[in-house]
Amino acid sequence: MGGELLGFEHRFVPAEGEDPNTLLLLHGTGGDENALLPLGRMLDERAAFLSPRGRVLENGAPRFFRRHAEGVFDHEDLVNRTHELAEFVEAATADYGLDPGRIFAVGFSNGANIAASLLLLHPGLLAGAVLLRAMVPFEPETPPDLSETPVYLAAGRSDQLVPPGNTERLAELLREAGAEVTLEWQSGGHNIGRAEVEAAHDWLANVVAGTQ
Ligand code: MLT
């Protein structure tokens with residue numbers, strides 16, 4: 001299933017059986033609504049998948065918000081696009097009859113960055129998040145209340161795009177907001193490896209079991 005909703009091309013895959021969870025799949029630069037479906041299945045094969053395509057094009061490559069340069073974000077665009085994405089999630093939740101309390105974001109790179117922005121600007125929208133190769137989207141003036149929101153961060157020690165200190169700052173600001181953050185480091189770079197997908201799967205299974 002899928003199509004267009006509030007300007008977002010997207011795929012929707014219903015859950016298996018009565019599974020109440022939805023993974024909101026947010027691709028990296030150059031991805032689309034199909035890019036993270038295989039990853040979603042590896043993380044939770046029974047959940048529903050809601051997978052929008054980013055509405056910004058950078059030299060033809062879809063993204064979720066504009067940037068001035070690599071790692072230098074257009075703050076105004078990021079904030080506006082984050083609100084648009086939140087409206088899309090709310091509309092899709094109603095249209096597809098999803099449980100609004102059980103939506104977990106899974107984002108890679110640019111998708112992880114807008115997922116972090118969703119956490120900061122729309123606390124309560126997400127039940128949790130798996131952020132792969134995320135950066136600080138912006139420094140909030142007042143920390144949101146993310147009490148007990150579980151967040152998994154997977155970072156690469158030799159990532160050329162994301163300096164380790166930046167991921168550490170993201171973990172710190174999410175913790176300051178009350179989130180339960182798990183930060184795991186890999187020796188590799190920006191690409192995601194099998195072992196960390198398995199680690200993220202186990203983390204998610206634990207979180208889901210604890211919230212049912
Ligand atoms: C971003 O622009 O969100 C980050 O630099 C990661 C990416 O290249 O997508």
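Starting from 1, each residue takes its place in the sequence as its number.
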> Asn34 versus His27: any side-chain heavy-atom pair under 4.5 Å?
Replying inline: no
> So if you build clusters from Ile, Leu, Val, Met, Phe, Trp, Tyr with side-chain heavy-atom gaps below 4.5 Å, do Leu23 and Val89 land together?
Replying inline: no
>> How long is the straight-line distance from CG of Leu132 back to CD of Glu196, given to the nearest 0.5 Å?
In response: 6.5 Å
> Just wondering, more than 12 heavy atoms not from Glu4 lying within 6.0 Å of its CD?
Replying inline: yes
>> Looking at every non-hydrogen atom in both residues, tell me the closest pair between Ser158 and Ser187 and how far apart they are.
In response: OG-O, 2.8 Å
>> Quick check: closest heavy atoms across Ala177 and Pro144, and the distance to 0.1 Å?
In response: CB-O, 3.2 Å
> Which is it for Glu58 and Arg67 under the side-chain contact (heavy atoms from CB on, under 4.5 Å) test, yes or no, and what are the steps along the way?
Replying inline: CA-CA 9 Å; Glu58 183 184 271; Arg67 61 181 166 182; 2.7 Å; yes
> Side chains of Glu168 and Trp185: does their closest heavy-atom pair fall under 4.5 Å?
Replying inline: yes
> Taking atom CZ of Arg63 and atom CG of Asn113, what is their separation to the nearest 0.5 Å?
Replying inline: 8.0 Å
> Looking at Ala48 and Phe12, what are the two nearest heavy atoms and their distance?
Replying inline: CB-CE1, 4.0 Å
> If you look at every heavy atom in Ala47 and Asp19, which pair is closest and at what distance?
Replying inline: CA-OD1, 3.6 Å
>> With side-chain contact (heavy atoms from CB on, under 4.5 Å) as the criterion, how do Glu90 and Leu125 come out once you've worked through the C-alpha distance, each side chain's angles and the decisive distance to 0.1 Å?
In response: CA-CA 8 Å; Glu90 280 162 2; Leu125 183 80; 3.7 Å; yes
> Do Val13 and Leu98 belong together in a cluster built from hydrophobic side chains that touch within less than 4.5 Å?
Replying inline: no
> Is the shortest heavy-atom distance from the side chain of Glu180 to the side chain of Val207 under 4.5 Å?
Replying inline: no
> Okay, side chain of Asp77, backbone of Arg66: is any donor-acceptor separation there less than 3.5 Å?
Replying inline: yes
> Using the ring of each side chain (for Trp, its six-membered ring), is Tyr152 parallel, tilted or perpendicular to Trp203, with breaks at 30° and 60°?
Replying inline: tilted
>> If I take atom CG from residue Leu26 and atom CZ from residue Arg53, how far apart are they, to the nearest 0.5 angstrom?
In response: 14.0 Å
>> Can you give me the closest heavy-atom contact between Pro137 and Leu120, atom names plus distance?
In response: CG-CD1, 3.8 Å
> Does any N or O in the side chain of Thr22 come within less than 3.5 Å of the main-chain N or O of Phe49, such that one atom is a donor and the other an acceptor?
Replying inline: no
> Quick one: are His201 and Leu204 in side-chain contact, heavy atoms under 4.5 Å?
Replying inline: no
>> Go through it in stages, so that I can follow the logic: the residues are Phe138 and Phe73, the test is ring-ring contact (aromatic ring centres under 6.0 Å, His included), and I'd like the CA-CA distance, side-chain angles, deciding distance and then a yes or no.
In response: CA-CA 8 Å; Phe138 61 91; Phe73 302 149; 9.8 Å; no
> Just by distance, do the side chain of Arg133 and the backbone of Asn191 share a donor-acceptor pair under 3.5 Å?
Replying inline: yes
> Under the 6.0 Å and 45° cation-pi test, does Arg102 pair with Phe104?
Replying inline: no
>> Any non-hydrogen side-chain atom of Arg55 less than 4.5 Å from a side-chain atom of Arg81?
In response: yes
>> Going by side chain to side chain contact (heavy atoms under 4.5 Å, CB included), His10 matches just one of Leu5, Asp32, Leu25. Which one?
In response: Leu5
> How far does CG of Leu50 sit from OG1 of Thr93, to the nearest 0.5 angstrom?
Replying inline: 7.0 Å
> Can any side-chain N or O of Arg169 pair as donor or acceptor with the backbone N or O of Val136 at less than 3.5 Å?
Replying inline: no
>> For Ala134 versus Ala112, what's the shortest heavy-atom pair and its separation?
In response: CB-CB, 3.7 Å
>> Count I, L, V, M, F, W, Y as connected when their side-chain heavy atoms are under 4.5 Å apart, and connections chain through other members. Are Leu170 and Leu119 then in the same cluster?
In response: yes
> Does the pair Ile114 and Phe65 meet the rule for a side-chain contact (heavy atoms from CB on, under 4.5 Å), with working shown?
Replying inline: CA-CA 8 Å; Ile114 197 146; Phe65 57 87; 4.0 Å; yes
> Could you state the interatomic distance from CG (Asn110) to CG (Leu161), rounded to the nearest 0.5 Å?
Replying inline: 11.0 Å
>> Assigning hydrophobic clusters by single linkage (Ile, Leu, Val, Met, Phe, Trp, Tyr; side-chain heavy-atom cutoff under 4.5 Å), is Leu118 placed with Leu36?
In response: no
>> Are Thr149 and Pro123 packed together at the side-chain level, in the sense that at least one heavy-atom pair is separated by less than 4.5 angstrom?
In response: no
>> Would you say His190 and Ser109 are linked by a side-chain donor-acceptor pair, where the criterion is simply a distance under 3.5 Å?
In response: yes
> Are Val79 and Met135 linked, directly or through other ILVMFWY residues, by side chains that come within less than 4.5 angstrom of each other?
Replying inline: yes
>> Which label fits Phe8 and Phe88: parallel for a plane angle under 30°, tilted from 30 to 60°, or perpendicular past 60°?
In response: tilted
>> Regarding Glu172 and Arg175, does a basic nitrogen lie under 4.0 Å from an acidic carboxylate oxygen?
In response: no
>> If I take atom CG from residue Asp44 and atom CG from residue Leu39, how far apart are they, to the nearest 0.5 angstrom?
In response: 11.0 Å
> In terms of heavy-atom contacts, does CD of Glu148 have more than 12 from other residues, nucleotides or ligands at under 6.0 Å?
Replying inline: no
